[in-house]
Amino acid sequence: MGSSGLGKAATLDELLRTCIEMFDDNGELNNSYLPRIVLLMHRWYLSSTELAEKLLCMYRDASGETCDEFRLKICYFMRYWILKFPAEFNLDLGLIRMTEEFREVASQLGYEKHISLIDISSIPSYDWMRRVTQRKKVSKKGKACLLFDHLEPIELAEHLTFLEHKSFRRISFTDYQSYVIHGCLENNPTLERSITLFNGISKWVQLMVLSKPTPQQRAEVITKFINVAKKLLQLKNFNTLMAVVGGLSHSSISRLKETHSHLSSEVTKNWHEMTELVSSNGNYCSYRRAFADCEGFKIPILGVHLKDLIAVHVIFPDWTEDNKVNIVKMHQLSVTLSELVSLQNASHHLEPNMDLINLLTLSLDLYHTEDDIYKLSLVLEPRNSKSQPTSPTTPTKPVVPLEWASGVMPKPDPTVINKHIRKLVESVFRNYDHDHDGYISQEDFESIAANFPFLDSFCVLDKDQDGLISKDEMMAYFLRAKSQLHCKMGPGFVHNFQEMTYLKPTFCEHCAGFLWGIIKQGYKCKDCGANCHKQCKDLLVLACRRFTRAPSLGSSHGSLPGSPSLPPGWLTSG
């Protein structure tokens, strides 16, 4: 990597001096990746403000015959930092202040050329990384179609990709670093929002299938989502593809044998291909191969790459015994992190309809428990003791990684919820209030309700029973529904939980999330074997019975063929 004989370890000062000396008298680099790696990875070891302070001390304290040349190269290094990582010089107030101090010192020493090299005045704003804001785009001509049944798979795939990219591009280096080091999402809201979106899509897929009353209709929804998955692959959005396949692979869907009997052979073939693509077999070799073959805009399966970072972090120490930076670890981490950072800067050609974005945003945020979804599946297609002798009494977990981080659920932030609901209601009335009188009819309502499984009937929303629904009535309903959906589901049954270290992939009985981590990932009931996250064990609504647990993940309870299984150690290997 062009470390110029540094070997496997070096002090921070040695790294910085080596990087600085790699610039020639004209500020050009001699085909070395080391300066970029150091500038990308420095926050693993010290803050950006501390790095700038070190460079300023080296600049101020330079002496001898070559001090002018060395100071110029320090400024070339600073300019390279500004050009390659401009967001840091817009978002980090400490770094901004240190850069201004750097310019003042250069001015005091009489180096006017140096001042121009470390100019940050033209850097654009990166405030969007801290706030959820988007440039308004002109909607396509005509009314937006807000009906799930009428939306084409490519429309759904494009709008889901827009939401995914919007979330992905806001994850910072320090967000990745925090998760890898601490193994949790505490004080990491940006990454948590990304995981919440992933989990929301998977549950939404299940609910849309289960909202249909007949096997034929449910098969049509499954077919549609498999076609959406194909379009997501074309858009190179692997993360949402994994979420959709995970939702369809879940036992609440895979157990619906009568429903799956209506799937065509072509759809079954496509399903084989999608599940094979995201299979964990061979450490996700199929996905890694497909991902590497893609160029330009693409969205990775974030959980896979975070697992790679965790593996490197666990195997290699940050510092060697003589207090030097472990260059081997720094380089290996930089390979994954550099790709993630570069992909966040890739531009897309999507032109979303914001009305549909508003609809999807709220649809994906509606929360239903794992138990609710599975019970609905049992109501639609009850267990048959002859045809399904091994059907579990509680939901088994998906055979592809559905929720790769621990128990992430949407948090009931009233401000955010109100904003989403207000945007949704405005979109609905803009598209369905044909005479602009502030009301929609029962016929229009029934069409819209198809997007929200288990939405109450027209008469419930129509509080004054005038045969029309106003904006205020719809707003009031959604606000009330959100508070009900987020409330705690009564007292659970008493379990005898004990903290456990799991040696194979295990899922939480309450939220269906992976028990993520290296050791002591969760709690297991000594009496019935139920597994939970620490934060979920007091919320579990599942009777504690001394019985043999449901079959393992490798077992198949449904007729969606070829569902890939997770190999032992998927979570514990790193």
Indicate yes or no for a side-chain donor-acceptor contact from E158 to the backbone of P352 under 3.5 Å, with no hydrogens or angles considered.
no
Would you list the pairs meeting salt bridge (charged side-chain N to carboxylate O under 4.0 Å, His left out) in which at least one residue belongs to residues 230-241, sequence neighbours left out?
none
Sub-3.5 Å donor-acceptor pair from the side chain of S279 to the main-chain atoms of T275, do we have one?
no
Less than 4.5 Å apart, side chain to side chain, heavy atoms only: is that true for S178 and N187?
no
Please determine which of Q206, M274, M208 meets the side chain to side chain contact (heavy atoms under 4.5 Å, CB included) test together with F225.
M208
Under a 3.5 Å distance rule, please check whether H250 uses its side chain to pair with a backbone N or O of S252 as donor and acceptor.
yes
Is it true that a side-chain atom of E276 and a backbone atom of S286 form a donor plus acceptor pair closer than 3.5 Å?
no
Could you measure the distance from the CG atom of L233 to the OG1 atom of T240? Nearest 0.5 Å is fine.
12.0 Å
Using the test side-chain hydrogen bond (donor to acceptor under 3.5 Å, both in side chains), find all partners of T223 that sit at least two apart in sequence or belong to another chain.
none
Looking only at atom types and distance, does a side-chain atom of R288 sit under 3.5 Å from a main-chain N or O of G282, one as donor and one as acceptor?
no
Does a side-chain heavy-atom distance below 4.5 Å link L360 with W204?
yes
Is a donor on one side and an acceptor on the other found under 3.5 Å between the side chain of H260 and the backbone of L256?
yes
Donor-acceptor pair, distance only, cut-off 3.5 Å: does the side chain of H159 make one with the backbone of N353?
yes
Can a donor-acceptor pair be found, under 3.5 Å and without considering hydrogens, that links the side chain of E381 to the backbone of K257?
yes
Whether N237 side chain and L232 backbone form a donor-acceptor pair below 3.5 Å
no
What's the separation between atom CG in L302 and atom CD1 in I171, rounded to the nearest 0.5 Å?
5.0 Å
Between K224 and E220, does at least one N-O distance fall below 4.0 Å, as a salt bridge requires?
no
Does a side chain donor of either E164 or N239 reach within less than 3.5 Å of an acceptor in the other side chain?
yes
Taking the side chain from S202 and the backbone from A243, do they hold a donor-acceptor pair closer than 3.5 Å?
yes
Taking the side chain as C-beta and beyond, is there a heavy-atom pair between I357 and T361 under 4.5 Å?
yes
Going by the rule ring-ring contact (aromatic ring centres under 6.0 Å, His included), which residues pair with H305 if we only count those two or more places apart in sequence or in a different chain?
Y287, F291
How about Y439: does its OH atom have over 12 heavy atoms from other parts shown lying under 6.0 Å from it?
no
Which one of R218, K212, Q217 satisfies the side chain to side chain contact (heavy atoms under 4.5 Å, CB included) criterion with P215?
R218
For side chain to side chain contact (heavy atoms under 4.5 Å, CB included), just list the numbers for L151 and L356, CA-CA rounded to whole Å, side-chain angles, deciding distance to a tenth of an Å, and then say yes or no.
CA-CA 10 Å; L151 286 170; L356 183 52; 3.8 Å; yes
Would you compute the distance between atom CG of L163 and atom OG of S167 and round it to the nearest 0.5 angstrom?
9.0 Å
